[in-house]
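Here, residue 1 is the first one in the sequence, and each next residue gets the next number. Please read all numbers here as calculations on a predicted model, not as lab measurements.
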Amino acid sequence: MLKIAKEKLPELLQAWAAGAKVFVPQEKGGVSIFLPWEGQGKLTLGEGNTLEPPKDLFFPRTETMYRYQVQGKEASLTEVPPLEEKRVLVGIRSCDARSLLIMDDVFLTRGYVDEFYRQRRENTRVVALACSEASPTCFCTSFGIDPGRAEGVDVQMWPVAEGYLLEALTPAGQELLGQGSSLLQEAGSENIPAAARTSLAVEVSGVTEKLQGMFEHPYWTAVSRKCLGCGACTYLCPTCHCFDIQGENRGNSGYKFRCWDSCMFSEYTRMAGGHNPRPSKKERLRNRFLHKLQYFPERYGKFACVGCGRCLDRCPVNVDITRVIREVKEVTL
């Protein structure tokens, strides 16, 4: 176990930035978001979770897939070169670390590998930061997530008096800490601090099985009445991964790109002939909760919610997934 003084952390980030692009929570516009470290900026490592998850670092809001050129009857395609840039993601919380494992399931398993996602994932080293204090909307422990130790990361950090403890969990993590060895010292007998306790909790056992018999239940009409269909919950969610593919034509050339979409929008399921199998907010809101709590567990054996609380914090009408889980378990079939 190693330790770094708080005032030396910018130097460690700078050491990592010598061979990679470093992303770390910083203040911008009064909120905390992941931004590239450029040697200056206000770090927000000890001020709760970021407004947005680091999802777009692996699954960008928009990305070009390929370009094409047409000359007469001939057409050619040009593939977009893979991302070669090395990156270090610093300060990710346990909930967002779990979300990366969920996104891995979507983009890297079941016979399908998304090369755009794979390249970014393989070229990124992840440094997690344990939570010392939970916000009122955090409920990660309900999904078996430990806010004091993240899954699938290269280095784990813990905030302590006057600095941070660091532990390498992978060979890549050992390499990272080696790059800043002159700034680190042995932690000695200093203990790992206790993890944050979440005040919000919900019992999720049995909810998948209950939902399997609720597709046509009137509950969905009731819960959807106040939903605005704004999609904020899906854009702030670290595991939502709906996307659309569109094209841009410019004379004899153009490109195809994909961009984030949302199952909360009516256009998402609208077919070419105009038919929409999810014509109202009821069907769209139902799909969101069924995907998180039934469909994903059935396919991958885990919930597609990590309890980060962003949707609770930002929903303008307080559509609360923890309340939905409680109410679903009380519904009479």
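- Ring geometry for F59 versus F107: interplanar angle of 30 to 60°, hence tilted.
- Counting non-hydrogen atoms of other residues, nucleotides and ligands closer than 6.0 Å to NZ of K8 gives a total of 12 or fewer.
- Using a 4.0 Å cut-off between charged nitrogen and carboxylate oxygen, R118 and E122 count as a salt-bridge pair.
- Contact check for F303 versus V207: side-chain heavy atoms found under the 4.5 Å cut-off.
- In this structure, the side chain of T50 does not engage the main chain of F34 through any donor-acceptor pair within 3.5 Å.
- Not one N or O on the side chain of W260 forms a donor-acceptor pair closer than 3.5 Å with the backbone of Y235.
- Taking the salt bridge (charged side-chain N to carboxylate O under 4.0 Å, His left out) definition, one finds that E133 meets it with nothing, sequence neighbours left out.
- Atom CD of Q14 is separated from atom CG of L9 by 11.5 Å, given to the nearest 0.5 angstrom.
- Ion pair R310/D96 flagged as a salt bridge, since at least one NZ, NE, NH1 or NH2 atom sits closer than 4.0 Å to an Asp/Glu carboxylate oxygen.
- Cation-pi contact between R286 and F215: present, with separation from the ring centre below 6.0 Å and deviation from the ring axis of at most 45°.
- Side-chain contact between S135 and N49 is absent, with no heavy atoms from C-beta onward closer than 4.5 Å.
- Heavy atoms from other residues, nucleotides or ligands lying under 6.0 Å from NZ of K226 number more than 12.
- E283 places a side-chain N or O within 3.5 Å of a backbone atom of S280 that can act as its donor or acceptor partner.
- If you chain together hydrophobic residues whose side chains sit under 4.5 Å apart, V202 and L200 fall into the same group.
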Open item on the list: Test side chain to side chain contact (heavy atoms under 4.5 Å, CB included) on K292 and C311; report intermediate values, then the result.
Closed with: CA-CA 13 Å; K292 297 288 182 191; C311 59; over 6 Å; no
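- Rounding to the nearest 0.5 Å gives a distance of 11.5 Å between CZ of F265 and CG of D244.
- For R250, the CZ atom counts as loosely surrounded, since its 6.0 Å shell holds 12 or fewer non-hydrogen atoms of other residues, nucleotides or ligands.
- Side-chain contact between V88 and W37 is absent, with no heavy atoms from C-beta onward closer than 4.5 Å.
- Cation-pi geometry between R87 and F58 is met: the NZ or CZ atom falls under 6.0 Å from the ring centre, inside 45° of the normal.
- To the nearest 0.5 Å, the span separating CG on D154 from CD1 on I92 amounts to 10.5 Å.
- Note: the hydrophobic cluster containing M103 also contains F243 (ILVMFWY, side chain heavy atoms under 4.5 Å, direct or indirect links).
- Side-chain N or O atoms of E267 include none that pairs as donor or acceptor with a backbone N or O of S262 at under 3.5 Å.
- Here the CG atom belonging to L312 is positioned 8.0 Å from the CD1 atom belonging to I321, to the nearest 0.5 angstrom.
- At distances below 3.5 Å, at least one donor-acceptor pair connects side-chain atoms of T208 with backbone N or O atoms of L293.
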